[in-house]
> 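Sharing a structure with you now.
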Amino acid sequence: MNMPEWLKPGIYGALIGAVFVGVVGFTWGGWVTGGTANDRAMAMSRDDVVASMVPVCLDMARSDPSRTDKLATIRAASSYQRRDAFMDAGLATMPGTDAPDRDIAQACLAALEL
């Protein structure tokens, strides 16, 4: 079978162009794989859940009868131990859960501005 002269450069050009479009699309074009999209969606949903639970955490901190003692303990802790002190005080344990949440504790501390 005889192929025309122009077909070989055309095939090479199409292959090189396809590779170029793929590289540019995934590096600068914002294309992602399904796994990356899933990871980003999970992170965004986690952030949204934490943001929605901050008002509940703040309400629990404001309505706690021993609020002053707990906040004094949290303030006395060093800056890198405040989240753990906040969790130990029970202010980051959401209703219906058994254990405190570290992300919610960090967000509540930021909102309380201790």
Side-chain angles (χ1 to χ4, degrees):
M1 177 172 164
N2 288 337
M3 293 193 325
E5 261 322 289
W6 57 268
L7 188 59
K8 190 174 181 181
I11 291 173
Y12 285 143
L15 287 174
I16 291 171
V19 168
F20 179 74
V21 166
V23 168
V24 168
F26 278 103
T27 55
W28 295 305
W31 299 354
V32 294
T33 62
T36 302
N38 187 37
D39 292 344
R40 288 182 185 173
M42 294 299 286
M44 287 173 51
S45 66
R46 175 74 180 154
D47 292 344
D48 289 343
V49 167
V50 168
S52 68
M53 295 309 289
V54 168
V56 174
C57 178
L58 293 175
D59 185 50
M60 288 173 40
R62 288 186 186 116
S63 64
D64 193 352
S66 59
R67 176 180 194 249
T68 55
D69 296 334
K70 289 180 180 180
L71 290 180
T73 304
I74 293 168
R75 282 190 186 107
S78 60
S79 62
Y80 63 91
Q81 293 176 334
R82 284 189 179 170
R83 179 177 56 191
D84 292 333
F86 194 84
M87 290 173 23
D88 290 340
L91 298 174
T93 305
M94 293 296 105
T97 61
D98 296 332
D101 187 277
R102 297 181 71 81
D103 295 332
I104 293 174
Q106 189 67 38
C108 271
L109 278 172
L112 281 174
E113 298 173 352
L114 294 177

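Start at 1 with the first residue, then count along the sequence. Hydrogens, waters and symmetry mates play no part in the numbers below; they use all other heavy atoms, side chains included. Note that the structure is a prediction, hence the values are computed from the model and not measured.
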> To the nearest 0.5 Å, what is the distance between CZ on Arg62 and CG on Asp59?
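Reported value, rounded in 0.5 Å steps: 7.5 Å.
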
> Let's go through Asp84 and Arg102 carefully: what are the C-alpha distance in whole Å and the side-chain angles of both, what is the deciding distance for side-chain contact (heavy atoms from CB on, under 4.5 Å) to 0.1 Å, and is it a yes or a no?
CA-CA 8 Å; Asp84 292 333; Arg102 297 181 71 81; 3.4 Å; yes

> Among the clusters formed by ILVMFWY side chains lying less than 4.5 Å apart, do Val56 and Ile104 turn up in the same one?
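Hydrophobic grouping puts Val56 with Ile104.
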
> If you compare all heavy atoms of Cys57 against all heavy atoms of Leu91, which two are closest, and at what distance to 0.1 Å?
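The answer is SG-O, 3.3 Å.
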
> Checking Asp103 against Val49 for the side-chain contact (heavy atoms from CB on, under 4.5 Å) test, could you report, in this order, the C-alpha distance in whole Å, the side-chain angles of both residues, the deciding distance, and whether it holds?
CA-CA 10 Å; Asp103 295 332; Val49 167; over 6 Å; no

> For the residue pair Met60 and Pro95, what are the closest heavy atoms and their distance?
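Closest heavy-atom pair between Met60 and Pro95: SD-CD, 4.0 Å.
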
> Enumerate the residue pairs fulfilling ring pair (Phe, Tyr, Trp, His ring centres under 6.0 Å) with a member in residues 1-26, sequence neighbours excluded, ordered by first and then second residue.
Phe26-Trp31

> Given Thr73 and Asp88, is the side-chain contact (heavy atoms from CB on, under 4.5 Å) satisfied, shown in steps?
CA-CA 10 Å; Thr73 304; Asp88 290 340; over 6 Å; no

> Taking atom CG of Asp64 and atom CG of Leu71, what is their separation to the nearest 0.5 Å?
8.5 Å

> According to the ring pair (Phe, Tyr, Trp, His ring centres under 6.0 Å) rule, which pairs have a member within residues 33-70, sequence neighbours left out?
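Non-adjacent pairs meeting ring pair (Phe, Tyr, Trp, His ring centres under 6.0 Å): zero.
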
> Should Val24 and Ile16 be regarded as members of a common hydrophobic cluster, given that ILVMFWY residues are connected when their side-chain heavy atoms come within less than 4.5 Å of each other, either directly or indirectly?
no

> OG1/Thr97 to CE/Met53 distance, rounded to the nearest 0.5 angstrom?
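Going from OG1 on Thr97 over to CE on Met53, the span is 7.5 Å.
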
> Please test Arg83 against Leu109 for side-chain contact (heavy atoms from CB on, under 4.5 Å), starting from the C-alpha separation and ending with a verdict.
CA-CA 7 Å; Arg83 179 177 56 191; Leu109 278 172; 4.0 Å; yes

> Could you report the tightest heavy-atom contact between Ala105 and Met87, atom names first, then the distance?
CB-CG, 3.6 Å

> I need the minimum non-hydrogen distance between Val54 and Cys108, along with the two atoms involved.
O-SG, 3.9 Å

> How long is the span from the CG atom in Asp101 to the CZ atom in Arg46, to the nearest 0.5 Å?
4.0 Å

